[in-house]
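Below is one structure, written out as structure tokens; comments come after it.
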Amino acid sequence: FLTRTHDHAGSDAIWLAKTFDPNQYLVQFYKIEPNQKVGLITVACAPLPESDRPMRTRTSVTYQYTALSEEGAAFIKNFDETAYAVFINEWRDLLIQYFEGK
């Protein structure tokens, strides 16, 4: 599928599913931003014990980028631990808002 410029994407992005394994709670996507970068996004979930409620699932999200240009290389250089924390926390907040509104 195709998404228009959003989050930290500098251009439209083409997304391709690489792995979908519901039994392992795992999904991977390629996010291709032509002339900039290719990302491999991995989302892995693991159930938590009942005692850890209300959080019943631990989710791990990782991004691995390959630059396709100098612009992509600059993005990767600046997408450090601090930038990732800001980025992923924004997603967390948006998801919480979405599910609380349901």
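A pairwise comparison of heavy atoms in P34 and D12 identifies CD-O, 3.7 Å as the closest pair. Among all heavy-atom pairs drawn from K37 and G72, the shortest one is CB-CA, 4.5 Å.
Partners of L94 according to the side chain to side chain contact (heavy atoms under 4.5 Å, CB included) rule, which considers only residues two or more places apart in sequence or in another chain, are E90, Q97. Take D80 and apply the side chain to side chain contact (heavy atoms under 4.5 Å, CB included) test, not counting sequence neighbours, and it matches T82, A83. When the side chain to side chain contact (heavy atoms under 4.5 Å, CB included) test is applied to A74, no partner is found at least two apart in sequence or on another chain. Annotation: side chain to side chain donor-acceptor pair (under 3.5 Å) contacts of T19 (sequence neighbours excluded): Q28. Considering only residues two or more places apart in sequence or on other chains, T62 meets the side chain to side chain donor-acceptor pair (under 3.5 Å) condition with none of them.
Within 6.0 Å of CG in N35 there are 12 or fewer heavy atoms belonging to other residues, nucleotides or ligands.
Separating the OG1 atom in T42 from the CD atom in Q64 is a distance of 7.5 Å, to the nearest 0.5 Å. Atom CD1 in I14 sits 12.0 Å away from atom NZ in K31 (nearest 0.5 Å). Interatomic distance, L68 CG to E33 CD, rounded to the nearest 0.5 Å: 9.0 Å. Between the OG1 atom in T59 and the CG atom in L48 there is a gap of 8.5 Å [rounded to 0.5 Å].
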In a table with atom names and distances, give each donor-acceptor pair under 3.5 Å that connects a side chain of residues 20-27 to protein atoms at least two apart or in another chain.
| from | atom 1 | to | atom 2 | distance (Å) |
| --- | --- | --- | --- | --- |
| D21 | OD1 | N23 | N | 3.3 |
| D21 | OD1 | Q24 | N | 3.3 |

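Residues I76 and Y63 form no side-chain contact, since every pair of their non-hydrogen atoms from C-beta on lies 4.5 Å or further apart.
Note on ring orientation: taking the six-membered ring where Trp is involved, the planes of W91 and F87 are perpendicular (angle over 60°, cut-offs 30° and 60°).
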Go through F75 and Q36 one step at a time and tell me if the side chain to side chain contact (heavy atoms under 4.5 Å, CB included) criterion holds.
CA-CA 9 Å; F75 168 84; Q36 290 186 13; over 6 Å; no
